[in-house]
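Quick notes on the structure that follows.
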Amino acid sequence: MNKLTELYRQWRGEAPARVEKLAGAGSNRQYYRLADAEGHSVIGVVGTSREEDHAFVSLARHFTLRKLPVPEVLAVSDDEMRYLQTDLGHVSLFDAIKGGREAGGRYNRREQQLLLNTIHELPDIQIRGARGLDFNVCYPQPEFDEDSVLFDLNYFKYCFLKATELDFNELKLEANFRMLAKDLTAEPAESFLYRDFQARNVMLDTEGRPYFIDFQGGRKGPYYYDLASFLWQASARYSHKLRRELIFEYYKSLSQYTEVPSVRHFAERLSLFVLFRTLQVLGAYGFRGYFERKPHFLQSIPPAIDNLRDLLKLSPSVFPYPYMMDMLRRLTELPQFAPQEPVVAKRKDGYKTTDHPLYSSNPQDGPATFSKYDGKGPLVVRVYSFSYKKGIPDDPSGNGGGYVFDCRSTHNPGRYEPYKKLTGLDEPVIRFLEDDGEILDFLKCVYQLADHHVARYIQRGFTNLMFCFGCTGGQHRSVYSAQHLAEHISSKFGVEVQVIHREQNITQTFPAHTIKNA
């Protein structure tokens, strides 16, 4: 630590005013945030391997010259065991999508957009980052080859498979391992294989743009590996629908940098790497969990086994390794890997709405004006949720104006036991509806109609407008819709909005406020 602060002093000209040790991850490197008296900070790294540190420093400098979104190396000690790099902030992609992870893979629109932004940028570092790169600086080897594949497959065998005490024929399994290794390396690769591309290694700036860190294990190799590593991260639990969207986004982005194979060929090659990556991470989880007894890795084993189960559902022609696939099938059937019932978050006191609007605000131009026919004051909008069984809400203003929308055409979470005691204000229901998507298409049309109507009522000086959303029980779809329309109108127009969830006995008022830059 003293040597790291001395390196900072040599670089900055003064000792750091504050030093904060950061939480470690899977490696043995130690990270510190060092700041001056004014709060300007950098990240200090203390490594355990000179060769690994040299690889990171060399790669970072190359990527910086190519203007890729990576930390800039600011100073390096003579023995290369310590270095300083730019501080990319406190928020990783892993942190930013925590809600979706904790909701069992139901990611809201903001979280999905962060994932799309990240996967869109991946080919940039893979293809453009490989141009002019001296792969000899890579550690521990410059290229992805059969030997490295077999090393990881045997890591899976010894650190995970044998620990389960499943019976298997080691010679037959080894023969299939060699076939898989040959297939994985059959096509030439000229891209940079990040190798540890995961949400923890992506930092987000204040505008949500991704920056890449911890690429010191990279080497020349096939780009499929990183895509499989990212999208089949066990704890992420990405839905099949979201994975397809992210793969398509990656495929489109990749085509801007290099010639891409046909969609079918791309999908078949990707499946091979997903299988390999799944076995690879199980090996790591086995070592870190079974032998080092680290809880995080033990908790990651069940979702990784779930990924393996999904792979086993593919056609046998995709994976022409009959003995290995049969062994993996028997592995997933072991009692300790029996599928678990999904855990649904319990409802907390009060209620929760999304922190980020689904649609960006566009402030109404010009000041509000009032006609000679209505001088009572500014507009107040009331938004109701209700059950059709108990009738449409009355209009307390007496004007009789407004809209009634029927939400019953959209997918109803109330049909499913985990959501029956929750409402459209609870995070699991919100994620169910947004993941399904029908309610978003429904609300898009409602927003267009409501925006026009609110704008005209403001211009004409009217004081009351009413929107009502009805569903079967006034609990899920109508509550979600009413809450989001109320937030949308308040954010966009700044008028007072009262939202009344009649059947839930919940009332909330968004006070009138000034819209910035209006």
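Everything numeric here is computed off the predicted structure, so don't read it as measured data.
At a threshold of 4.5 Å between non-hydrogen side-chain atoms, the residues Gln85 and Val42 do not count as touching. By the 4.5 Å heavy-atom criterion applied to side chains, Leu161 and Met327 are counted as neighbours.
Residues that satisfy the salt bridge (Lys or Arg N to Asp or Glu O under 4.0 Å) test with Glu268, not counting sequence neighbours, are Arg264. Contacts of Asn412 classified as side-chain contact (heavy atoms from CB on, under 4.5 Å), with partners at least two apart in sequence or in another chain: Arg415, His476, Arg477. For Arg61, the side chain to side chain donor-acceptor pair (under 3.5 Å) criterion is met by no residue, not counting sequence neighbours. With sequence neighbours excluded, the residues that form a side chain to side chain donor-acceptor pair (under 3.5 Å) with Gln280 are Asp152, Tyr225, Arg277. Take Phe135 and apply the ring pair (Phe, Tyr, Trp, His ring centres under 6.0 Å) test, not counting sequence neighbours, and it matches no residue. Residues passing the salt bridge (Lys or Arg N to Asp or Glu O under 4.0 Å) test with Glu207, sequence neighbours excluded: Arg209. Scanning for ring pair (Phe, Tyr, Trp, His ring centres under 6.0 Å) contacts around Tyr107 gives Tyr238, with sequence neighbours left out. Remark: Tyr416 pairs with His411, Phe432 by the ring pair (Phe, Tyr, Trp, His ring centres under 6.0 Å) rule, at least two apart or across chains. Partners of Asp435 according to the side chain to side chain donor-acceptor pair (under 3.5 Å) rule, which considers only residues two or more places apart in sequence or in another chain, are Arg106. Considering only residues two or more places apart in sequence or on other chains, Asp145 meets the side chain to side chain donor-acceptor pair (under 3.5 Å) condition with Gln141, Ser148.
Checking side-chain atoms of Arg128 against main-chain N and O of Phe63 turns up no donor-acceptor pair under 3.5 Å. Arg330 contributes a side-chain N or O that, together with a main-chain N or O of Asp167, makes up a donor-acceptor pair within less than 3.5 Å. With Asn307 contributing its side chain and Thr278 its backbone, the two residues share no donor-acceptor pair below 3.5 Å. At distances below 3.5 Å, at least one donor-acceptor pair connects side-chain atoms of Thr332 with backbone N or O atoms of Arg329. Formation of a donor-acceptor pair under 3.5 Å by the Asp426 side chain with backbone atoms of Leu422 is not found in this model.
A salt bridge links Arg18 with Glu20: at least one charged nitrogen is closer than 4.0 Å to a carboxylate oxygen. Look at Glu190 and Lys220 and you find a salt bridge, because one of the NZ, NE, NH1 or NH2 atoms lies within 4.0 Å of a carboxylate O, short of that distance. Using a cut-off of 4.0 Å between Lys/Arg side-chain N and Asp/Glu carboxylate O, Lys157 and Glu174 are scored as salt-bridged. Taking the charged nitrogens against the carboxylate oxygens, Asp226 and Arg195 have no contact shorter than 4.0 Å, which rules out a salt bridge.
Between Tyr321 and Phe177, the ring centre distance reaches or exceeds 6.0 Å.
Classification of the Tyr250-Tyr223 ring pair by plane angle, with boundaries at 30° and 60°, yields tilted.
Between the side chains of Asp196 and Gln198, at least one donor-acceptor pair of N or O atoms lies under 3.5 Å. Side-chain atoms of Tyr194 and Asn201 form no donor-acceptor pair, as typed in the model, at a separation below 3.5 Å. Judged by distance alone, the side chains of Asn2 and Glu6 never bring a donor and an acceptor atom under 3.5 Å apart.
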Enumerate donor-acceptor pairs with a distance under 3.5 Å from any side-chain N or O in residues 69-81 to protein atoms, sequence neighbours excluded.
from, atom 1, to, atom 2, distance (Å)
Ser77, OG, Asp79, OD1, 2.6
Ser77, OG, Glu80, N, 3.3
Ser77, OG, Met81, N, 3.3
Ser77, OG, Arg82, N, 3.2
Ser77, OG, Arg82, O, 3.2
Asp79, OD1, Met81, N, 3.0
Asp79, OD1, Arg82, NH2, 3.2
Asp79, OD2, Arg82, NH2, 3.0
Glu80, OE1, Arg50, NH2, 2.9
Glu80, OE1, His54, ND1, 3.3
Glu80, OE2, His54, ND1, 2.9

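Atom CZ of Phe287 has 12 or fewer heavy atoms from other residues, nucleotides or ligands within 6.0 Å. Around CZ of Arg243, the count of heavy atoms belonging to other residues, nucleotides or ligands within 6.0 Å exceeds 12.
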| said: Evaluate Phe156 against Val281 for side chain to side chain contact (heavy atoms under 4.5 Å, CB included), listing each step before the verdict. | reply: CA-CA 8 Å; Phe156 159 74; Val281 298; over 6 Å; no

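For residues 261-286, every residue pair satisfying the ring pair (Phe, Tyr, Trp, His ring centres under 6.0 Å) rule, not counting sequence neighbours, is listed here: Tyr224-Phe266, Tyr224-Phe273, Tyr251-Phe266.
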